[in-house]
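For the single chain, residues carry numbers from 1 onward in sequence order.
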Amino acid sequence: MEQIHWVRHRWQQLVAAESGRGRYSAPDTVPTKSSPKLHNAQRLTGKRRTVIARHGPHQHEYDSVSKGCQGNGIRTTKYSLLSFIPMNLFQQFHRVANLYFLFLVMLNWVPVVEAFQKEITMIPLVVVLIVIAIKDALEDYRRYRFDQKVNNNVATVYSGKQQTYVDQRWQDVRVGDFVRLSCNEIIPADMLLLYSSDLHGVCYIETANLDGETNLKQRQVVRDLPQGSELTPENFHSRIECENPNNDLSRFRGYMEHPSNARVGLHHDNLLLRSCTIRNTETIIGIVVYAGHETKAMKNNSGPRYKRSKLERRMNMDILWSVVLLVIMCLTSAIGHGLWLRNLEGASFLIPDTTSPALSGFYLFWTMIIVLQVLIPVSLYVSIEIVKLGQIFFIQNDVDFYNEYLDSRIQCRALNITEDLGQIQYVFSDKTGTLTENKMVFRRCTIAGVEYPHEENARRLEVYKPEEDEAMGRSHTLKSRASAKSLSCKSLSCNRSSVSLHTLTGHSEEEGEETSSPTLPRHSAFSSPMEKDVVPDPLLVQKLNCLSSPLFLLTDASMELTYIVDFFMALAICNTVVVSSPNQPRHVVRNIVSSTPLKSLEDIKMLFQRFSLPRFSTLSPPHTTDSTRSFTGRLFARGKPASFTPSEEDKIVQLNPGAWNELIYEAESPDEAALVHAARAYHCTLRGHSLERLLVELPGMGSLAVRLLHILPFDSTRKRMSVVVRHPLTKQVVVYTKGADSVIMDLAESPKGAEQSESRQGHIKEQTQKHLDNYAREGLRTLCIAKRVQTSTEYEVWLKRHAFAETSIENREELLLESAQRLETNLTLLGATGIVDRLQEEVPETIEALQRAGVKVWVLTGDKQETAINIACACKLLRSTDQLLTEACKALLLALRAEMECGEAAEGTSGFTLVVDGRTLEFALQEDLKGDFLELSRCCRAVICCRSTPLQKSQVVRLVQDQLQVMTLAIGDGANDVSMIQVADVGIGISGQEGMQAVMSSDFAISRFKHLRKLLLVHGHWCYTRLANMILYFFYKNVMYVNLLFWYQFFCGFSGSVMTNSWVLIFFNLLFTSAPPLLYGILDKDVSAETLIKLPELYKSGQNSKAYLASTFWLTMLDAIYQSLVCFFVPYFAYAGSDADMLSFGSPINASSLLIILLHQVIESRTLTWLHVLVLVGSALFYFSFTLVFSVVCVTCSPPTNPLGVDKLQMSQPLFYGVCALTTVLALLPRFLFQALHNSICPSDTVTAALMDQLNPDDYCRRMQRWNQTQAQSKTRSLVINVEDSDIKVPDPDFRLPSELKECSAAAGSLLS
């Protein structure tokens, strides 16, 4: 019923939010690209939010305008002191089991069908409700303390009464308030950025509390607002119209209307989100637009994840069978009672009654429902919750899951699917950051068609030791390293510590606060020694050194040098890297020396002499007079030279040399950081980065200020990013682009009308493509670098359209995409890079263990096919490949299926590996090909899907999950993996280099892929077997005890009487036998962790649900019925003919049943420790103590019966103990003999493995080797499908493509290349 509660909770949230929620409707008229005035005149139609300053000129309108806006206080608790009891009871009675027992309590109050005292029947339900209420209260109190901690944080807010900024609690902040924040302070609400102390109106924020990303992001002050002096709230006359609160973190739309009726568009870059931290900015001022639960952070806080496990679904089915069994037993009793009364009509000992036998039988039916209520295990649900909490406790405290360097451990975010970890059949894994380190290291490059292998750099990576990386920060936790960023703000006053507010993850305050220590070194993402220390290629260094040689300029190689300089210029500036150092928060490019366009090499020489650059001191001008262009024109220009007049803004600058010793690059992605570090290795160093300027140091040229005109950021549609700059030497407008090779190669076109240039570009493209293919085969990530030089006319035309797109209010994203695509055409290909992303440790061993465990591993990646195959070979997912089959179609899929059937029939082998690219996958996911694709993939040991989009990843997972009805697990580390993580039965996020989006969407979070091995093979196996056995044990003990009451009905005229007092009957399952199953479900260990790791095949028992099959359930029921028969009739025959009364007869039956149930668990348990003995013996002593005390002191506790002295008398007689001993032995003997014979004659794998644990080390090793030899897998053959015309070769000289496959391929019309 948790799902019903969750749906109700979400419905209430939607209803509550609907009152203030609306949508933007499309404008009635769509403006043309040449009509910005028409566009600016449009209004946002539909419901929207209006925000005015709370203490500004329009404050008299504030109350009416902000009437529907919420305050900034948050409340994540479910209850209050007054509402706790009614609301908690209301939620608990959403469970069917609780409703069932409430019905029994109410039924027992009906005098006609009353079976026990009214108070007694309430005890089980009351106990269960109280236990769950206490648990809910403790959880809610923890949330309350966290809410109070967040709400009582202090922010500086403008006060209209005091006409200044004062400290206020977060919960007192309202929409329309002006908030001033300083460096390292956390943003209290979603605010529109109105002022920044940065001269360019930029604010840097860290979103680690929101999405886990530690790199800095830029936010921009609203366009056209003055930035010379601090904003004065009293003079803020503007009105803000924006969209209603929503959960889209990457989108914000609206406009600001000034008193002059001019409107300025608002977008995501103007919004500061709650819980983010101000970095590298001294002061900012913003106006609150969303507060409290209306902020985007809180809108994304969807609460705990509720999933139903496969075992729980099976258990619910068996509960229904228990209901059927209960109805059968009650019907039998009702019919028997009616027949018994009919046969005894007129008997002298019967009290005269006008009730007919049929009506009496009907009444007895309901009486027996009350008597046999224990058959439905009311405490099972509570016990399962407690057991799962115990299992999660041991998982979270497993030291093997602890990452010392990151100071992180496994997170269990979904509390009710631990047993699903032991039943996984398919694993869908991302590649980058999941199988690999996601530490991108520059490996090699190709420039102008010439490949530079960087062999020394390759040798450095081969001998690199991870300990070098860990030595940097082993003693620092994640929080200390994050908080150490405060040191980057030199001379900034940060009065309050940067407390991490986990508004999304709900971490409690016990996790501690972040503290800033002045002694901690500063660390940034993607800046380990392995990533930074790139060894240059000698040949490339030699060519760059030729910049200082005048003779070199006379050769044709100078053209190649232009490509090299442009290539490294692109690596250095085509990014969004924030540059800083320990001594300076951000390297701002300052205007120092003005310059004019350089006309000759003598100008360059004179310029560098002014800056005392000795490298060019001996450089003399070339002896050429026939060139119509200057050296800079030949060196950097492409196409027509620009005619822009230099402005005073174009400067060449200097920074303090002391700040150059150590630079810190804050990059948004590891690829971006790797390219900047590679450029720096060749002395093409990015020294400063601001909104309008870049400071770049080039070899032999010193530091140059590059005017940054535009940044076209990366997006998944374009798969590239570009920067538009004015070249510091030629003053031309140049577009530098980097992106996926599949996109850039299509956009790179040869210039028209230049035959020599066209031939050269064709040669460069051809050679670059060959190098890209080689890089991919080596498993490198590839990026292409290109440029385009625009004429002044071209740029002016594009700028007008782009300005219109940037200032648009509606369809801004679409217009910006069109503008970027319009600019990024006819590119000049400069070269490509190969970046290595090393495998994480123990990935091959983990994948091999999963495959031995019967888990099929699929890799879903966006990388090239060659790269994916190389990584798959390295991690032992792919064992061998031959040549490539092309042209994916239905005929080919059928042919491949036929080939595999032929191959299996001929050789008896299996182990195909299927490789599918994105275009093929798109075909395979079509409705008419889904079935064939699934049938083909089922025959394969592994599948690799490359060039796949996030949507395709989720589609593949859902297809396999729904069509094959298998248990799936998806694992990834980035935002592009969130969709497949949420679709899978079990989603696992890796807290890696790409933030926490995957972690926040997952059920479990780990830090390394290798942890998946133990999580599934050990904890998954344990959790499933423990919980399955515990559930079966619950059904067994309930059926066994209830049948005792049922057998007694045959000897009491089916009257509904019981042979024991009602207190013992109620407490038997609730107290006397409740603790042992809990210990059984938490601590039972059938096989040791070491053996489960060494023998992954043992995991298959969970996949096949061997511990909880339908046959297992019914065999357990039959065993329970047999034991109840023995437990009832042995005392019956022992006391036959004696003067024992009803309670005296029931006393040995109760004692025997207790001993049988406890010893039954001893037989089933695989682990017996002192704790087990303590609980088992304690349960037995508790029962005997209770019954003895009860029989001594209770006189009228159970009317109309009187148990006074009954148990005391029985326990003083030898017959009592003899009957109990005989009954226990006879009841348990069949199960004991069956277990002994079965484990001796045909033991299961788990039993064999458990016996191996008991051997001495030498025998254990010999048995383990023998096991592995018998479990050796056959050699794997691989089939590769693609729609591209390329070959893939993985070294395996012994493998040959079978002739049958060639025939099938030919029949399908395929091309074998």
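Counting all heavy atoms, side chain and backbone alike, Ile284 lies closest to Leu193 at CB-CD1, 3.9 Å. Here the closest non-hydrogen pair linking Val202 and Thr281 is O-CG2, 4.0 Å. The two residues Leu815 and Phe804 come nearest to each other via the heavy atoms CD1-CE2, 3.9 Å. Nearest heavy atom pair, residue Tyr165 against residue Phe178, reads CE2-O, 3.8 Å. The minimum heavy-atom distance linking Arg180 with Glu185 is given by the pair O-OE1, 4.1 Å.
Interatomic distance, Leu181 CG to Leu272 CG, rounded to the nearest 0.5 Å: 8.0 Å. Put simply, CG on Asn247 and CD on Glu294 are 13.5 Å apart, with the number rounded to the nearest 0.5 Å. To the nearest 0.5 Å, the span separating CG on Asp248 from CZ on Arg253 amounts to 10.0 Å.
The closest side-chain heavy-atom distance from Pro713 to Met721 is not below 4.5 Å. Contact annotation: the side chain of Met191 never approaches that of Val173 to less than 4.5 Å [non-hydrogen atoms, C-beta and beyond]. In this structure, Asn72 and Pro188 have side chains that are in contact, with non-hydrogen atoms separated by less than 4.5 Å.
One side chain, Lys296 or Asn246, offers a donor N or O that lies under 3.5 Å from an acceptor on the other. Judged purely by distance below 3.5 Å, without hydrogens or angles, the side chains of Asn184 and Arg279 pair a donor atom with an acceptor atom. In this model, a donor atom of one side chain and an acceptor atom of the other lie less than 3.5 Å apart for Asp147 and Thr76.
No donor-acceptor pair under 3.5 Å is formed between the side chain of Tyr204 and the backbone N or O of Val578.
No more than 12 heavy-atom neighbours from other residues, nucleotides or ligands sit within 6.0 angstrom of OH on Tyr144.
Ion pairing of Asp177 with Arg174 is absent here, as no side-chain N (NZ or NE/NH1/NH2) approaches a carboxylate O to less than 4.0 Å.
Ring geometry, Tyr795 versus His710: the interplanar angle falls from 30° to 60°, so the pair is classed tilted.
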